[in-house]
Amino acid sequence: MGPYAGKGASEHTLFRSLLPGFNAVDILLGDGLYGSYVILADCLARGVDVVFEQNGARKLTTDFRKGKRLGRKDHLIRISKPCQRPEWMSPARYQALPDDIVLREVALGGKVLITTLYDPVRAPR
């Protein structure tokens, strides 16, 4: 439960309040809204794996010829921390984020998924 309007009423805000309840054995499944750098970095720091649809804006830059190829339309990429600190985030929290993170991009069923399930043998396309 959370506010439905005003400051602090976004899905991201509500989701971040739930994140401490997840454990390293959990896998989060979500839509493209949750594929933000901050959420991905927070999940990785907690050892929580994710499977999210690729954010629409990032789909335009997906190039399966780049990164470490794992298979057909399946690769590992490195994304960098955004240059701009979100205004809701403290400077210390922003500074503590990793400079970059590794994600797996997989094209499947007309969608591009991003995941932290890196091993193509244990988590096949």
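Fair warning: this is a prediction, and the values are worked out from it, not measured in the lab.
Closest non-hydrogen pair, Ser17 versus Leu14, comes out as OG-O, 2.6 Å. Across all their heavy atoms, Ala123 and Leu117 have their closest contact at CB-CB, 3.9 Å. Residues Cys43 and Leu19 come closest through the heavy atom pair SG-CD1, 3.8 Å. The shortest non-hydrogen separation linking Phe22 to Val48 is CB-CG2, 3.9 Å. Tyr37 and Asp99 get closest at one heavy-atom pair: OH-C, 3.5 Å. Of all the heavy atoms in Glu53 and Ile114, the pair that sits closest is O-CG1, 4.4 Å.
Side-chain contact between Tyr34 and Val50: absent, with no pair of heavy atoms (C-beta onward) separated by less than 4.5 Å. Counting heavy atoms from C-beta on, the side chains of Ile77 and Lys66 never come closer than 4.5 Å. Considering only heavy atoms from C-beta on, Leu97 comes within 4.5 Å of Met89 through its side chain. Here the side chains of Leu28 and Phe52 are in contact, with some heavy-atom distance below 4.5 Å.
The salt bridge (Lys or Arg N to Asp or Glu O under 4.0 Å) search around Arg125 returns none, not counting sequence neighbours.
At distances below 3.5 Å, not a single donor-acceptor pair connects side-chain atoms of Asn23 with backbone N or O atoms of Val25.
The distance from atom NE2 of His75 to atom CG of Leu70, rounded to the nearest 0.5 Å, is 8.5 Å. Put simply, CG on Leu40 and OG1 on Thr115 are 10.0 Å apart, with the number rounded to the nearest 0.5 Å. Taking CG from Asp119 and CG from Leu76, the interatomic distance works out to 10.0 Å, rounded to the nearest 0.5 Å.
For the pair Lys81 and Tyr94, the cation-pi test (distance below 6.0 Å, angle within 45°) is passed.
In the hydrophobic clustering of ILVMFWY residues, with side-chain heavy atoms under 4.5 Å counting as a link, Leu103 and Leu33 come out together. Note on Leu44: it clusters hydrophobically with Phe15, by side-chain heavy-atom contacts below 4.5 Å among ILVMFWY residues.
Applying the side-chain hydrogen bond (donor to acceptor under 3.5 Å, both in side chains) definition to pairs two or more places apart or across chains, those involving residues 38-49 are Asp42-Arg93, Asp49-Thr116.
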